[in-house]
2 protein chains.
Amino acid sequence: MEVATDNPLIQKLQGLAPLSALDVAALKKITSQPRLVQARMDLIEEDDVSDNVFIFLEGFACRYKQRRTGARQIVSYLLPGDVCDVDPIDLPPLDHAVCTIATSNVARIPRRAWIELLQEHPHVAQASRLAKRIEAETTRMWLVNLGCRSALEQMAHLFCELMTRMEAVGLARDGTCPLPLIQADLGQTLGLSNVHVNRVLQEMRRLGLIECKGKTLRLLDQPRLRHLAEFSADYLQLRPRRTV
Amino acid sequence: MEVATDNPLIQKLQGLAPLSALDVAALKKITSQPRLVQARMDLIEEDDVSDNVFIFLEGFACRYKQRRTGARQIVSYLLPGDVCDVDPIDLPPLDHAVCTIATSNVARIPRRAWIELLQEHPHVAQASRLAKRIEAETTRMWLVNLGCRSALEQMAHLFCELMTRMEAVGLARDGTCPLPLIQADLGQTLGLSNVHVNRVLQEMRRLGLIECKGKTLRLLDQPRLRHLAEFSADYLQLRPRRTV
DNA sequence: CGGCGCCTTGAGAGTAATCAACGATAGTGG
DNA sequence: CCACTATCGTTGATTACTCTCAAGGCGCCG
């Protein structure tokens, strides 16, 4: 039962499992008191022990790990509709930190309340499990990116992936979406230096593949980008095939 | 209740949650009819739809993704005691393939039977969930490896990780364990060419860090290796902190 | 206006890839 | 028992992708 909504959490989960009006209402209620978080703020620090679930309603954040050398590796992005650490098993301390990239609107929910919601709303639980599986598959895809794609291919792949995810929550249209990442973020995601990120982006613009104005990304030639990156959205659009 | 056993599955899960004698018996029973699989055989192919859970009792295998160019990226290793796709949500088709590296002894169990076991043995389920979380954390650690470590550091980190995992199932002693990987496998894991893997290994031997004879890896100076790799075993040795 | 954050550019260095042989080892069949 | 073959490891030479260092530009905000 699709219900029109501008709540990205509901929008995302509806894409993963059928939600009843009651499911939707519960999700609306639990996200009704989000709070604004500034850009570049750590929501969860490594070894943090507070025990909340964060639901992103607006904005942009990332999970990252930091080396003693200071080098930082971003290991995933959190977009509107994403739930940070859905699983009962995802207890702190985490092995990584979570940090906003843009000003974000985030609902912070005691884990217990979230788990209760999952117990009372099995379809939400099912969608959450699927979301978690997609996250794992995405991480593996990033491994392929880092392990065996050139800088250009990696960048193309990342942009295709982000655009697809943004579309799924209604934030992208016509290959265009807001993207608050700075070049250093891209470098920390793809294992490239800032300088090289800059040059690769220039190359992509020169090739007529993308356009970045302000904090907006536009994919000018998605077929060519997808081919270049060997991108297929399959891993992001899993559907429940049956219930176990 | 620790029970002496040479079943690596039991050994591993006992390290993650307390198992009763009944739990152990059930695990013994379900792994009582393993079959031998040759080295370099695909157990699960990408887009495979058969629905089994594989439990590795002996041997060595990997999950990998293959690019159209033929390039292959190994995304994780499966060691004795590992259960392939423990979760009810891990339904096929997978986004990757699973392939043995050495001749392996593998129990193939219909998913339904495995899920029933989990339902009847909550401690086993708890341990499995923890195992899955560890797998996810390991994948993120690999991302850090590929994204921001040099070839030498990566190799050191991988060796520390494998040694720790082998120890956990009683297959390593005194920094020595069997390692059936060939140099090409290491390359496909770390995103390096065969030639470079070879040179890095030589460098590590020259530095007195490791010794590889036959299919055996020996870490000669673990403190230095761990320091070089910034390795901490924390992410591999999670303990249940409480039950949710 | 000054400072700061971010982007851009240039030059030089270095790590790792590629190409091409060659060597070692083990299993196979005559 | 010994060629024979295949797989894996090793080496050298060359190329190229990416990094580092350094400096300058541009726009925004106090």
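Protein chains get the first letters and strands the later ones, always in sequence-line order, with residue 1 at the start of each. The structure presented is a predicted model; accordingly, all values stated were derived computationally and were not measured.
- Judged as a salt bridge (Lys or Arg N to Asp or Glu O under 4.0 Å), and not counting sequence neighbours, A:Arg35 has no contacts.
- The interatomic distance linking B:Leu146 (CG) with D:dT18 (P) rounds to 14 Å, in whole Å.
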Readout for nucleotides 23-30 of chain D: B = base within 4.0 Å of protein heavy atom, S = sugar-phosphate only, - = neither; 5' to 3' it is --------

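- Checking side-chain atoms of A:Gln73 against main-chain N and O of A:Gln188 turns up a donor-acceptor pair under 3.5 Å.
- Here B:Asp221 pairs with B:Arg224 under the salt bridge (Lys or Arg N to Asp or Glu O under 4.0 Å) rule; sequence neighbours left out.
- Remark: A:Thr189 engages A:Tyr77 in a side chain to side chain donor-acceptor pair (under 3.5 Å) (not counting sequence neighbours).
- Within residues 60-74 of chain B, no residue has any heavy atom closer than 4.0 Å to DNA chain D.
- Between the side chains of A:Gln11 and A:Asn7, no donor-acceptor pair is found at a separation under 3.5 Å.
- Residues in residues 100-109 of chain A take part in no side chain to side chain donor-acceptor pair (under 3.5 Å) pair, two or more places apart or across chains.
- Listed in residue order, the members of residues 202-212 of chain A having a heavy atom less than 4.0 Å from DNA chain C are A:Gln202, A:Arg205.
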Please list each protein N or O that sits under 3.5 Å from an N or O in nucleotides 15-19 of chain C, with the distance.
from   : atom 1 : to       : atom 2 : distance (Å)
C:dA16 : OP1    : B:Ala151 : N      : 3.0
C:dA16 : OP2    : B:His196 : NE2    : 3.0
C:dA16 : O5'    : B:His196 : NE2    : 3.2
C:dA17 : OP1    : B:Gly191 : O      : 3.2
C:dA17 : OP1    : B:Ser193 : N      : 3.1
C:dA17 : OP2    : B:Ser193 : N      : 3.0
C:dA17 : OP2    : B:Ser193 : OG     : 2.9

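- Between the side chains of B:Asp174 and B:Thr176, no donor-acceptor pair is found at a separation under 3.5 Å.
- Residues passing the salt bridge (Lys or Arg N to Asp or Glu O under 4.0 Å) test with B:Glu167: none are found, sequence neighbours excluded.
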Identify all pairs in which a protein N or O lies below 3.5 Å from an N or O of nucleotides 21-28 of chain C, and state each distance.
none

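- Among C:dT9, D:dT10, C:dC6, the nucleotide with an atom closest to any side-chain atom of B:Gln183 is D:dT10.
- Direction of the helix axis in the helix from C:dC1-D:dG30 to C:dG30-D:dC1 shifts by 30° between the two five-pair termini, rounded to 10°.
- Taking atom CE on A:Met155 and atom P on D:dT18, their separation rounds to 10 Å, with Å as the unit.
- Under the salt bridge (Lys or Arg N to Asp or Glu O under 4.0 Å) criterion, B:Arg67 pairs with A:Glu153, A:Glu230, sequence neighbours left out.
- Looking at A:Arg226, A:Met163, A:Gln222 one by one, the single match for side chain to side chain contact (heavy atoms under 4.5 Å, CB included) with A:Phe231 turns out to be A:Arg226.
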